[in-house]
There are 2 protein chains.
Amino acid sequence: MTNQSKGETCKELQAALDIISGKWKPIILFHLMENEKLRFSELQRAIPEITRKMLTSQLRELEYNNIVHREIYHQVPPKVEYSMSEYGHGLKPLLIAMRSWGFDHLEHLENLYRQDNEKLIKE
Amino acid sequence: MTNQSKGETCKELQAALDIISGKWKPIILFHLMENEKLRFSELQRAIPEITRKMLTSQLRELEYNNIVHREIYHQVPPKVEYSMSEYGHGLKPLLIAMRSWGFDHLEHLENLYRQDNEKLIKE
DNA sequence: CTGTATCCCCTTTGATACTG
DNA sequence: CAGTATCAAAGGGGATACAG
């Protein structure tokens, strides 16, 4: 086993988090997992609340980390397509596992909330 | 499949990330996974760079989310023990999966770095 | 020993306007 | 269409001092 005991930060875990954390990265990744290729504008429509700046920057970081591929068509008007890189597809199982745990967790919170409410009603 | 296509944020994934993101949460969680119970001061020694304030706040958030249990011994001087809650143990597989992916990713980066270096040497 | 309270900084995010 | 530039706001995080 790795020795995390004396001051060694858990760099593996951090490495994974560095890739997927960022306010919009999770949802961007899921759209790209489910759609093969998406244009910039399609992503924008899919995530209406995001600004162009944020969409650009988050995609750039994913591209920098080799998770996402960016294909530029030199046309007028321009067209750019984003897709998961081959390497990026390796993230899929992890993202699915996270989503699954998150789903259960939201149910868990629901139950806690319900119990609190019932307690309040009784009193 | 869930429909993430039109503006629905991926709340499940976000829920998972909310729990484990935070500068010190990953390493705190791993220490608690490997040690059953740890006192506040033991955690501090295990993570020397962390400040008391941060250790407190991160633990409080984990406690609030029902991941970590806090046991207070009313003594002088005080003694507080932290441990994974039963619910928190359910995070273990996910954390291990993340660490595993992160490990591979760090190797991936190593290889990229090495290739770049060899290219530079050739030129 | 196990915390809190303050104050400050820095990074991330957002609003808005401009451009090839 | 697919961005960039600029500035402002918000929040997370750190240093330090104090407290039960």
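Remember, predicted model here, so these are calculated numbers, not experimental data.
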Next item on the list: Would you name the heavy atoms of B:L94 and A:M98 that are closest together and state the gap between them?
Entry: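 Where B:L94 meets A:M98 most closely, the heavy atoms are CD1-CG, 3.5 Å.
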Would you mind reading off the distance between [X] atom [atom1] and [N] atom [atom2], rounded to a whole angstrom?
{"X": "B:L55", "N": "D:dG14", "atom1": "CG", "atom2": "C1'", "value": "14 Å"}
{"X": "B:E49", "N": "D:dA15", "atom1": "CD", "atom2": "C1'", "value": "16 Å"}
{"X": "B:L59", "N": "C:dT2", "atom1": "CG", "atom2": "P", "value": "11 Å"}
{"X": "A:R60", "N": "C:dT12", "atom1": "CZ", "atom2": "C1'", "value": "18 Å"}
{"X": "B:F40", "N": "C:dT4", "atom1": "CZ", "atom2": "P", "value": "8 Å"}
{"X": "A:Q75", "N": "D:dA2", "atom1": "CD", "atom2": "P", "value": "10 Å"}
{"X": "A:I50", "N": "D:dA2", "atom1": "CD1", "atom2": "C1'", "value": "14 Å"}
{"X": "B:L38", "N": "C:dC1", "atom1": "CG", "atom2": "P", "value": "15 Å"}

N/O to N/O distances under 3.5 Å, protein versus nucleotides 7-13 of chain D:
unit_1 : atom_1 : unit_2 : atom_2 : d
D:dG13 : OP1    : B:K23  : N      : 3.1

Just to confirm, is there a sub-4.0 Å distance from OP1 or OP2 of [N] to any side-chain nitrogen or oxygen of [X]?
{"X": "A:R52", "N": "D:dC1", "value": "no"}
{"X": "A:R39", "N": "D:dA2", "value": "yes"}
{"X": "B:S41", "N": "C:dT2", "value": "yes"}
{"X": "A:R70", "N": "D:dG3", "value": "yes"}

Note to self: Do B:H105 and B:E107 pair up side chain to side chain, a donor and an acceptor below 3.5 Å, judged on atom types alone?
What the structure shows: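 Judged by distance alone, the side chains do not pair up.
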Note to self: Quick one about B:H108 and B:E110 (side-chain donor to acceptor, distance below 3.5 Å, no hydrogens or angles considered), yes or no?
What the structure shows: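 B:H108 and B:E110 do not have a side-chain donor-acceptor pair below 3.5 Å.
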Checklist line | Derivation of the salt bridge (charged side-chain N to carboxylate O under 4.0 Å, His left out) call for B:R39 and B:E81 | finding: CA-CA 4 Å; B:R39 300 184 57 168; B:E81 277 181 350; over 6 Å; no
Check: Would a distance-only check, ignoring hydrogens and angles, find a side-chain to backbone donor-acceptor pair under 3.5 Å from B:S100 to B:I96?
Finding: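 No; zero donor-acceptor contacts below 3.5 Å.
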Margin query: When you measure from the side chain of B:S85 to the backbone of B:H69, do you find a donor-acceptor pair of N or O atoms at a distance under 3.5 Å?
Written below: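 Side chain of B:S85 to backbone of B:H69, a donor-acceptor pair under 3.5 Å: no, none is there.
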Check: Can you hop from B:L29 to B:M54 via hydrophobic side chains spaced under 4.5 Å?
Finding: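 Yes; tracing contacts between hydrophobic side chains, which count when under 4.5 Å, links both residues.
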Next item on the list: Using heavy atoms to find the nearest nucleotide of DNA chain D for A:P78 and A:T56 separately, return the residue whose nucleotide is more 5′.
Entry: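 Here A:P78 is the residue nearer the 5' end.
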Note to self: Need one value for B:Y82: base, sugar-phosphate or nothing, where a base atom within 4.0 Å counts as base even if backbone is also close, heavy atoms only.
What the structure shows: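 Sugar-phosphate only.
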Note to self: Which label fits B:W101 and A:Y87: parallel for a plane angle under 30°, tilted from 30 to 60°, or perpendicular past 60°?
What the structure shows: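 It falls in the tilted class, 30° to 60°.
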Check: Are there more than 12 heavy atoms of other residues, nucleotides or ligands under 6.0 Å from atom CD of A:Q75?
Finding: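 Yes, because the 6.0 Å sphere around CD of A:Q75 holds more than 12 heavy atoms from other groups.
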Item checked: Angle of first-five versus last-five pair axes in the helix from C:dC1-D:dG20 to C:dG20-D:dC1, to 10 degrees ->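 Roughly 50°, once rounded to the nearest ten degrees.
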